[in-house]
Asks: 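Have a look at the structure that comes next, please.
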Number of protein chains: 2
Amino acid sequence: MAAGNPTIHDVAKLAGVSTATVNRVLKGGYVSADARTAVETALKETGYRPNSMARGLRMRRSYTIGQMLTEITVNPFFANVAQGVENAARANNYRTVLFNHSNDSKRERLGIERFIDDHVDAVLFCTSTDATNLALLDRSGIPYVELERSRTTAAPFIRVDNYTGARQAMVHLVELGHRRVAFVGGDPAIQLPNSRRGYAVEEERLNAYRDCVQEFDLLTDPRLVRLGKYYSMSDTFPGASGYRHTRALLELDQPPTAIFATCDILAAGALQAIYDCRLRIPEDISIVGFDDTLAVCLAPALTTVSQPMARMGAAGFQCALDLIEGRAPLNEQTLPAELVVRASTGRAPG
Amino acid sequence: MAAGNPTIHDVAKLAGVSTATVNRVLKGGYVSADARTAVETALKETGYRPNSMARGLRMRRSYTIGQMLTEITVNPFFANVAQGVENAARANNYRTVLFNHSNDSKRERLGIERFIDDHVDAVLFCTSTDATNLALLDRSGIPYVELERSRTTAAPFIRVDNYTGARQAMVHLVELGHRRVAFVGGDPAIQLPNSRRGYAVEEERLNAYRDCVQEFDLLTDPRLVRLGKYYSMSDTFPGASGYRHTRALLELDQPPTAIFATCDILAAGALQAIYDCRLRIPEDISIVGFDDTLAVCLAPALTTVSQPMARMGAAGFQCALDLIEGRAPLNEQTLPAELVVRASTGRAPG
DNA sequence: TTGTATGCGTTATCAA
DNA sequence: TTGATAACGCATACAA
């Protein structure tokens with residue numbers, strides 16, 4: 001037994017039946033009581049476990065989901081989504097294989113080819129760099145699901161209601177009396193061209209900001225809106241961009257009393273900038289993040305818009321499973337984001 | 001072609017040769033020039049990719065490594081190690097499958113059984129909860145490697161020189177004039193009973209602290225040594241333990257001028273406590289972390305002992321591959337940890 | 001230099 | 001109710 005795992009043949013021989021009978025007790029079927037007990041004891045004795053490769057070959061199904069992630073180490077967001085997928089997958093006897101493309105379309109292509117080699121039953125993207133990469137899967141007949149951002153309209157898409165989430169953040173600040181609120185966030189222009197649906201993450205968040213500025217008659221100053229990337233893969237400090245923007249904001253003749261940074265990593269950089277300027281949060285300035293990843297670890301603990309990362313992953317897996325098994329999942333699902341108030345927001349000074 | 005991927009038979013038929021010949025041009029062997037070109041064009045035309053399950057079945061090798069992690073979402077340390085493993089694995093045509101046991105030995109057991117079902121070629125642990133779980137693999141003849149912590153002496157073990165790393169942190173503080181240095185760290189008593197080798201992570205770090213206190217004649221006060229868990233899986237805020245310990249330290253009649261927190265998550269909690277007490281870092285108090293995970297994101301950016309997480313993962317994979325292919329890797333490898341000085345340490349006040 | 005034939009372990013059809 | 005058998009796609013021993 002030490003040398004090589006027991007196969008269904010070993011079980012059959014031990015039980016004095018054929019492999020077909022063993023299979024029947026395993027999968028359910030007409031088996032006599034005698035045969036059943038014989039097989040069951042043989043099963044126990046051998047400690048038989050089916051060989052997943054043989055089964056996969058035979059069933060033309062690998063029971064494996066490929067997860068294409070941007071970069072699991074650079075933003076905890078991805079680890080949390082992956083975790084959600086993983087748990088849902090395990091519960092359904094699926095396993096997952098990860099691949100990080102680091103926003104490099106060529107690498108993503110490589111990863112997709114690996115997925116095809118692995119005969120994954122479906123692929124989850126969070127998020128894809130490029131619609132042409134997705135087309136590779138179409139050719140192989142492998143279904144896929146997009147999370148967070150969408151590059152195509154054909155595949156099911158699990159999204160988050162970024163508009164409402166961002167709006168909650170703004171309303172919270174307004175209620176605290178802030179009227180000079182800065183926005184530090186992703187530039188819609190960077191992502192939008194790639195987006196195939198009505199909403200790009202960045203656009204939604206920015207729209208919520210702008211709408212609230214209008215609606216609540218906040219100070220409008222173009223210098224308060226700072227757009228760019230959330231973080232750079234190559235920067236030694238991912239929050240560098242948030243740091244720079246915040247420094248610039250604090251040097252304004254009339255600095256904002258609150259900053260809405262639409263990613264906890266940006267917010268982390270903002271906190272560092274504020275710390276360097278020896279300002280006190282929230283007494284001197286309030287700050288709200290987005291994601292709820294680093295938020296709870298920062299000083300002070302960050303008020304942030306929490307994304308349902310694990311739920312997104314789980315919903316994505318469910319879609320994938322539907323696709324695999326020939327059911328038609330919703331083409332689009334929107335999950336809510338929710339403001340979590342912690343210690344980084346307070347009444348506007350003055 | 002859309003329905004079903006091309007097999008080696010398709011290629012053979014198209015090229016007008018046998019599957020054996022196709023295999024020969026794929027794997028290298030005696031093939032006539034004519035046959036070779038015919039096969040090569042057929043390969044291109046079909047876009048043939050070998051079926052990894054069929055190959056795995058035939059070769060009795062899955063080209064898959066199982067990674068057993070404590071919990072990828074709770075500490076970025078694990079994501080970084082996993083990333084290191086992953087990259088090394090990909091470079092060697094291996095894939096990895098993750099499993100998080102959340103410090104639950106039963107869950108770990110479950111995961112190992114899944115790995116056995118998957119016929120993984122080897123398992124990497126970072127870290128195992130329990131030596132009896134490892135024994136399951138022995139019975140299946142699956143080799144394994146331990147990272148960071150060891151529960152057995154048989155398997156190769158990739159460790160970090162925690163003593164020297166921690167010592168660097170202490171020397172750094174001493175050089176800055178600190179004489180009242182607190183230690184907030186893991187309790188050796190929690191982990192040591194499980195450890196099968198001379199060094200437990202916690203013991204090494206604590207020993208370095210104690211040795212330095214002696215050697216540099218620092219203040220010895222048992223109240224300055226705060227032991228416990230790095231973080232709790234269930235706490236809403238992982239840094240809670242660091243927060244509590246730090247609050248207690250700051251309430252001492254003679255609070256420390258520096259804190260060595262032996263995990264960035266603990267340090268994050270310490271930063272929050274210090275922030276709440278309206279003390280300024282490093283002017284009022286210095287703090288050093290360990291790991292270099294959150295460090296760069298905290299305010300102020302944390303001076304910390306950097307662990308070679310990706311290297312540990314890569315070295316672990318190499319060991320696993322050696323084991324799989326019948327080579328004998330070193331039973332133990334020690335990687336260095338290195339102090340990274342950032343903004344949270346400065347001259348002792350007063 | 002090339003092709004035939006077999007087995008890896010599982011599932012499932014079909015005949016008994 | 002059961003067993004013999006074929007097939008999934010690949011790799012390879014052996015024969016030609």
Side-chain angles (χ1 to χ4, degrees), chain A residues 1 3-40 42-43 46-64 93 116-121 140-142, chain B residues 1 3-40 42-43 46-64 93 116-121 140-142:
Chain A
M1 216 222 292
N5 289 313
T7 73
I8 199 167
H9 287 101
D10 300 327
V11 178
K13 204 186 324 174
L14 191 62
V17 299
S18 75
T19 62
T21 300
V22 176
N23 190 40
R24 273 179 212 111
V25 351
L26 252 21
K27 298 286 169 346
Y30 297 124
V31 189
S32 68
D34 282 5
R36 165 156 277 126
T37 52
V39 169
E40 272 164 358
L43 245 20
T46 54
Y48 169 76
R49 317 238 46 172
N51 180 319
S52 61
M53 290 182 287
R55 185 164 50 124
L57 180 59
R58 174 63 223 233
M59 305 287 278
R60 324 180 115 268
R61 194 165 159 185
S62 63
Y63 291 89
T64 303
N93 275 302
I116 295 173
D117 291 356
D118 291 353
H119 285 247
V120 298
D121 295 340
S140 297
I142 298 176
Chain B
M1 213 219 294
N5 289 313
T7 74
I8 199 168
H9 287 100
D10 300 327
V11 178
K13 202 184 329 171
L14 190 62
V17 300
S18 75
T19 61
T21 299
V22 175
N23 189 42
R24 274 178 209 110
V25 351
L26 253 21
K27 299 284 167 346
Y30 298 123
V31 189
S32 69
D34 282 5
R36 164 154 279 126
T37 51
V39 169
E40 273 164 358
L43 245 22
T46 55
Y48 169 76
R49 317 239 43 172
N51 180 317
S52 62
M53 290 182 287
R55 187 166 51 125
L57 180 59
R58 173 66 225 239
M59 305 288 278
R60 324 181 113 268
R61 195 164 158 184
S62 63
Y63 290 91
T64 303
N93 275 301
I116 294 173
D117 291 356
D118 291 352
H119 286 247
V120 298
D121 295 338
S140 296
I142 298 176

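Any value given below was found using the heavy atoms of this structure, including those in side chains, with hydrogens, waters and symmetry copies removed. The sequence lines fix the lettering, A, B, ..., with proteins before strands; numbering per chain opens at 1.
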Asks: Between B:Y48 and D:dC10, is there a side-chain N or O to OP1/OP2 distance below 4.0 Å?
Replies: yes
Asks: Closer than 4.0 Å, any side-chain N/O of B:T7 to the OP1 or OP2 of D:dG9?
Replies: no
Asks: With a 3.5 Å cut-off and just heavy-atom distances, do the side chain of A:R24 and the base of D:dG3 make a donor-acceptor pair?
Replies: yes
Asks: Could you check which of D:dG9, D:dC8, D:dA13 has an atom nearest any side-chain atom of B:R58?
Replies: D:dG9
Asks: Looking only at side-chain N and O atoms, does B:S32 come under 4.0 Å of OP1 or OP2 in C:dT2?
Replies: yes
Asks: Expressed as a whole number of angstroms, how long is the span from B:R55:CZ to C:dG7:P?
Replies: 22 Å
Asks: For DNA chain C, whose closest nucleotide is more 5', that of B:V17 or that of B:L57?
Replies: B:V17
Asks: In whole angstroms, how far is the C1' atom of C:dT10 from the CZ atom of A:R61?
Replies: 15 Å
Asks: Rounding to a whole Å, what distance do you find between A:N93:CG and C:dT10:P?
Replies: 16 Å
Asks: How many whole angstroms separate atom NE2 of B:H9 from atom C1' of C:dT4?
Replies: 11 Å
Asks: Do side-chain atoms of B:N51 reach the backbone of B:M53 as a donor and acceptor pair under 3.5 angstrom?
Replies: yes
Asks: Tell me the interatomic distance from A:I8, atom CD1, to C:dG7, atom P, rounded to whole angstroms.
Replies: 18 Å
Asks: Are A:R55 and A:Y63 in a cation-pi contact, defined as NZ or CZ under 6.0 Å from the six-membered ring centre and within 45° of the axis?
Replies: yes
Asks: Provide, to the nearest angstrom, the distance between the NZ atom belonging to A:K13 and the P atom belonging to D:dG3.
Replies: 15 Å
Asks: Check whether any side-chain N or O of B:D121 sits under 3.5 Å from a backbone N or O of B:R61 as a donor-acceptor pair, and report yes or no.
Replies: no
Asks: Kindly say if A:T21 contacts the phosphate of D:dG3, meaning a side-chain N or O under 4.0 Å from OP1 or OP2.
Replies: yes
Asks: Distance check needed: C:dG9 P versus B:D117 CG, whole Å only.
Replies: 15 Å
Asks: Is a side-chain donor or acceptor of A:T46 paired with a backbone partner of A:A42 at a separation under 3.5 angstrom?
Replies: yes
Asks: Should B:H119 and B:T64 be marked as a side-chain contact (heavy atoms from CB on, under 4.5 Å) after you check the CA-CA gap, both sets of side-chain angles, and the distance that decides it?
Replies: CA-CA 8 Å; B:H119 286 247; B:T64 303; over 6 Å; no
Asks: Please state whether the phosphate of C:dT10, meaning OP1 or OP2, lies under 4.0 angstrom from any side-chain nitrogen or oxygen of A:N51.
Replies: no
Asks: Would you classify A:M53 as touching base, sugar-phosphate or nothing, given that sugar-phosphate means primed atoms plus P, OP1 and OP2, and contacts are heavy atoms under 4.0 Å?
Replies: nothing
Asks: For D:dA11, take OP1 and OP2 only and decide whether either is under 4.0 Å from a side-chain N or O of B:K27.
Replies: yes
Asks: I need the CG-P distance between A:L26 and C:dA12, as an integer number of Å.
Replies: 11 Å
Asks: Take B:N23 and A:Y30, find for each the nucleotide of DNA chain D with the closest heavy atom, and name the residue whose nucleotide sits nearer the 5' end.
Replies: A:Y30
Asks: Is the phosphate of C:dT11 approached by A:R60 (side-chain N or O, under 4.0 Å from OP1 or OP2)?
Replies: no
